[in-house]
Amino acid sequence: MIRCCFPSDRRHFATLLRLIAGCVLLLALPATCPGVFATELGKTSADSGGNVSQSEARAIELGWEVLTQKALLPSDFSQDVIDDIWRSWPEEARAKVENASPEDRLRAIYHRYGLSQRPELIVRNDGVATFESHEETGSVGPPMQYVVDEDGNWTMNCLSCHGASVYGVPTPGAPNNRYALQTLTEEVRSTKFRLGKSLGRMELGSLVIPLGTTNGTTNAVVFGMGLMQYRDSQLNVVPNTPQTFVHHDMDAPPWWHFYKRPYLYIDGFAQKGHRGLMQFTLVPENGPDFYRDHEDDFRNVFAFLSSLRAPKYDGLIDEDLAETGRHLFEQTCSRCHGTYGADGGSYPNQMVAIDEIGTDPVRFEALSSEGRQKYADSWFAELEPGKSQETLVSPEGYVAPPLDGVWASPPYFHNGSVPTLWHVLHPEERPTVWRRSEEAIDRDRVGFQIELAEKVPLFQPDVQIRRSYFDTRRFGKSAAGHDYPNELNEAEKRAVLEYLKTL
């Protein structure tokens, strides 16, 4: 058990890195995790319009159960920490919940940290996962983003970053654009101190390794390489010297793109495979046998991810304008982002050179070829003894993502720097410093409702509020690049924006 201490030498720093990295990397799935081939439940009956078998449907259900009910890491904190965490809030936030009922206080806790109640999974006959929310007035259900066991132990899961509220509707697979991990960890640490509890890897590690500087983004990507540094090719734990990392924040991609993509990561270097989904469990407590013993669990997780589809836009659409936009999109955008329609369309998995795309290069430069090769040589990328997946050790840039459900996945770009699709289409109008102001969608610009600021209010006493501001001048947070929309005039941009609602 790690107690309240903070070692500072290199040997202990490496220990801290190993302790927190396993928990942090799960935030990157699948922004930084590979998935699987079509021979695993990737393109089956759900894509051909037929019905799935009972075994396929059960695999989807079991994958959801693994994510939401099976703790694969040591616990992060206990229920009594969550119950008391509000006492660690700044005075104004604390005063709002001091006299609230336990249920309303728990709702406020969920809202502060970007958590949402877990919906119920319903698998359709065609193998597509749907969800039904049961947010009753008098009770608060377990969070989607954490496994909570019978003893009240809370353990982070992959849905921390990949399960969110889409404009108020809990939606598994949506990027969690409100997740306040750094703030949650700091306030858990404060609460544990107050309650006399031992600190865990997250509370200790976040003192030296930032977990995220803006709500909804996390410094998770580079930890994949950090974790692999302390394993050999067969995942035995091995000693090694600490590595220098380029800390930067990333926006989580939506999981409903998973079934389309043959390779994952924003730089598309890793071919899909269920083993790669297991990277997030690389804490020292999980030895090589853990991975062999849990392969079936992650085959089921893969089946669940492959069953997700984007939500449909829930507002009015100008059909004539959208049809004009479709033609323009197919002429100017589909080469990279693919085509869409009743036939399912096509996805080209197009990589764009970093100098051409012009978006923030920090993510591209942060992962070394050596680190990618380490993954390529590991058990995670192994298909069978002597045969491995294809891995792009030296990619040229970023891969353009599919745009299914793009209306439901703000903010935009890989670093979350652009708040609406209108701003994507108007590069010169992208705000420098902004924050989300309302939960509801901005239907005119399609994305967040925002307010602008000259700078982040550094003297704001509530750090959670400070971290709600996005400053595009900071390292790794640039909103520059992807200037292709400037080829369109204003009327054409309006038409393309209308079409994007239909995807």
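No hydrogens, no waters, no symmetry mates; every other heavy atom, side chains included, goes into these values.
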Taking the six-membered ring for Trp, are F304 and F131 parallel (under 30°), tilted (30 to 60°) or perpendicular (over 60°)? perpendicular
Distance-only, no hydrogens or angles: does the D404 side chain make a donor-acceptor pair with backbone N or O of A310 under 3.5 Å? no
Criterion salt bridge (Lys or Arg N to Asp or Glu O under 4.0 Å) against E65, the qualifying member of R118, R58, K70: R58
Can you tell me how far the CD1 atom of I450 sits from the NE2 atom of H423, to the nearest 0.5 Å? 4.5 Å
Please confirm whether the backbone N or O of P410 pairs with a side-chain atom of N177, one donor and one acceptor, at under 3.5 Å? yes
Residue set satisfying ring pair (Phe, Tyr, Trp, His ring centres under 6.0 Å) with F475, at least two apart, ordered chain then number -> none
Judged by modelled atom types alone, do Y113 and E187 share a side-chain donor-acceptor pair under 3.5 Å? yes
K260 side chain to N349 backbone, donor-acceptor under 3.5 Å: no
Between R275 (side chain only) and W379 (backbone N and O only), is there a donor and an acceptor less than 3.5 Å apart? yes
Can you tell me if Q145 uses its side chain to pair, donor with acceptor, with the backbone of S116 under 3.5 Å? yes
Below 4.0 angstrom, N of the basic side chain to O of the carboxylate: do R201 and E285 qualify? no
State, with a plain yes or no, whether a side-chain heavy atom of L72 is found less than 4.5 Å away from one of V66. yes
So, N286 side chain and T281 main chain: donor-acceptor pair closer than 3.5 Å or not? yes
Any Lys/Arg nitrogen of E295 or R299 sitting under 4.0 Å from an Asp/Glu carboxylate oxygen of the other? yes
Any donor and acceptor pair, going by atom type alone, linking the side chain of S75 with main-chain N or O of W154 inside 3.5 Å? yes
Tell me whether R292 is salt-bridged to D289, with the criterion being a basic N under 4.0 Å from an acidic carboxylate O. no
Donor-acceptor check, side chain of N215 to backbone of T183, threshold 3.5 angstrom: yes or no? no
Please confirm whether Y259 and Y347 have ring centers closer than 6.0 angstrom. no
Main chain of V123, side chain of E61: is a donor-acceptor contact present, judged purely on distance under 3.5 Å? no
Can you list everything that forms a ring pair (Phe, Tyr, Trp, His ring centres under 6.0 Å) with H414? Sequence neighbours excluded, please. Y398
When you check the gap from the basic side-chain N to the acidic O, do R112 and D462 get nearer than 4.0 Å? yes
Just by distance, no angles: are the side chains of T214 and R474 close enough, under 3.5 Å, to form a donor-acceptor pair? no
Given side chains that start at C-beta, do those of D314 and W407 come closer than 4.5 Å, heavy atoms only? yes
Ring centroid separation H294 to F298 under 6.0 Å: no
Check whether F77 forms a cation-pi arrangement with K197 (NZ or CZ under 6.0 Å from the six-membered ring centre, at most 45° off the ring normal). no
Has N415 got a side-chain atom pairing as donor or acceptor with S478's backbone, closer than 3.5 angstrom? yes
